[in-house]
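Each remark here refers to the structure printed beneath this line.
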Amino acid sequence: MIFVSNPCNSLILGYLIPVVGLPIIPLMILAYPMLGRHFDPRIHHRESLDFWLGPIGKYIARPVAYAFFIVVNVDWNKLEERATRRNPDVNPMGPTIRTYGHIDFRSEATISQLILSWFYVLLLFIWALLSFIYGVCTYLL
C-alpha cells in the first residue's frame with residue numbers, strides 16, 4: 001500500500017513559504033541595479049506593457065522579465081513565427097517581440113547576472129508553486 005501524505009496537514013508547507021519568500025524581497029531590490037540598468041539602455045522600442053506601469057514596471061516587472069529571458073534564452077525568430085502561424089495579419093506577441101526581441105540576453109549577461117537570474121526565477125517558481133498548494137489547501141479543501 002502506497003501512503004501519500006496530505007501536504008495540507010504538513011508543517012513543512014507552512015514553514016517553506018516564508019523561507020522561500022523572504023529572499024525574494026532582497027533579490028527584487030538587487031535585480032534592478034544588476035539587470036535593469038544593464039538591459040534598459042538596449043531597449044529601443046518601449047511598447048510592452050511593463051514600460052507603462054511606472055515604478056512597478058521599472059523596478060519589479062522588467063527585472064523579472066530580464067531574469068526570465070536570461071534563464072529561458074528565447075529564440076525570438078521562432079517565437080514570432082509561432083505567434084503568426086495561424087493568422088499572419090495578427091501578431092499577439094508583437095509588442096513583446098518589438099520591445100525585448102532580437103536581444104540575446106544570455107550571451108550579454110555576466111556570470112553574476114546569470115547566477116542572480118537563475119536563483120531569482122527558481123525562487124519565484126518555487127514560491128508560486130507553494131503558494132498555489134497553500135491556496136488550494138486553504139480555500140478549496
Side-chain angles (χ1 to χ4, degrees), residues 2-141:
I2 298 175
F3 180 76
V4 178
S5 66
N6 186 357
C8 297
N9 295 333
S10 92
L11 288 175
I12 295 173
L13 181 66
Y15 289 126
L16 274 179
I17 292 174
V19 167
V20 170
L22 285 178
I24 291 175
I25 294 172
L27 285 174
M28 194 181 299
I29 294 168
L30 188 63
Y32 177 73
M34 285 190 69
L35 298 173
R37 287 186 182 170
H38 181 77
F39 288 110
D40 273 352
R42 289 168 172 69
I43 306 296
H44 299 292
H45 304 284
R46 300 173 188 268
E47 299 174 12
S48 188
L49 177 65
D50 56 7
F51 278 90
W52 304 106
L53 288 175
I56 293 171
K58 181 177 183 178
Y59 297 114
I60 297 172
R62 273 187 266 164
V64 169
Y66 296 145
F68 179 76
F69 293 145
I70 289 171
V71 170
V72 174
N73 200 19
V74 178
D75 183 1
W76 296 104
N77 295 326
K78 191 180 288 184
L79 181 67
E80 190 168 23
E81 179 184 310
R82 286 182 183 163
T84 58
R85 183 181 300 158
R86 291 190 181 160
N87 189 354
D89 297 332
V90 177
N91 186 356
M93 293 298 295
T96 303
I97 292 172
R98 281 189 297 275
T99 301
Y100 297 112
H102 311 297
I103 297 173
D104 190 4
F105 287 94
R106 188 175 286 178
S107 69
E108 291 187 20
T110 62
I111 296 295
S112 61
Q113 289 171 335
L114 279 169
I115 292 169
L116 174 84
S117 298
W118 275 98
F119 191 59
Y120 195 20
V121 169
L122 183 67
L123 278 180
L124 286 173
F125 174 74
I126 292 171
W127 191 53
L129 182 66
L130 290 172
S131 298
F132 176 75
I133 292 170
Y134 181 75
V136 167
C137 290
T138 303
Y139 298 110
L140 295 178
L141 299 178

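Remark: D40 engages R62, Y66 in a side chain to side chain donor-acceptor pair (under 3.5 Å) (not counting sequence neighbours). In this view, Y120 satisfies the side chain to side chain donor-acceptor pair (under 3.5 Å) rule with no residue, not counting sequence neighbours. In this view, Y59 and Y32 satisfy the ring-ring contact (aromatic ring centres under 6.0 Å, His included) rule, not counting sequence neighbours. Remark: R46 pairs with no residue by the salt bridge (Lys or Arg N to Asp or Glu O under 4.0 Å) rule, at least two apart or across chains. Residues meeting the side chain to side chain donor-acceptor pair (under 3.5 Å) test with R82, sequence neighbours left out: none.
From I60, atom CD1 reaches atom CD1 of I29 across 9.5 Å, with rounding to the nearest 0.5 Å. Here CZ of R37 is found 8.0 Å from NZ of K58. Values are rounded to the nearest 0.5 Å. Rounded to the nearest 0.5 angstrom, I103 CD1 and F69 CZ are separated by 9.5 Å. Once rounded to the nearest 0.5 Å, the distance linking CD of E80 with NE2 of H102 reads 5.5 Å. Going from atom CG of D104 over to atom CG of D75 covers 9.5 Å, rounded to the nearest 0.5 Å. Here the CG-CD1 distance, from L114 to I70, works out to 6.0 Å after rounding to the nearest 0.5 Å.
Between the Q113 side chain and the M34 main chain, a donor and an acceptor come within less than 3.5 Å of each other.
Annotation for P41 and G36: closest pair CD-O, 4.3 Å, computed over non-hydrogen atoms. The minimum heavy-atom distance between A67 and S117, with the atom names listed, is CA-OG, 3.6 Å. Looking at every heavy atom in both residues, G57 comes nearest to P63 through O-CD, 4.2 Å.
F105 is listed as a side-chain neighbour of Y100, based on a closest heavy-atom distance under 4.5 Å.
Within 6.0 Å of the CG atom in L122, the count of heavy atoms belonging to other residues, nucleotides or ligands exceeds 12.
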*Applying side-chain contact (heavy atoms from CB on, under 4.5 Å), run through W76 and L79 and close with a yes or a no.*
CA-CA 5 Å; W76 296 104; L79 181 67; 3.9 Å; yes
Could you pull out all donor-acceptor pairs under 3.5 Å where a side-chain atom in residues 125-141 meets a protein atom, sequence neighbours excluded?
residue, atom, partner, partner atom, Å
S131, OG, W127, O, 2.8
T138, OG1, Y134, O, 2.7

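A side-chain contact (heavy atoms from CB on, under 4.5 Å) with L27 is found for exactly one of V121, L123, V64, L124, namely L123.
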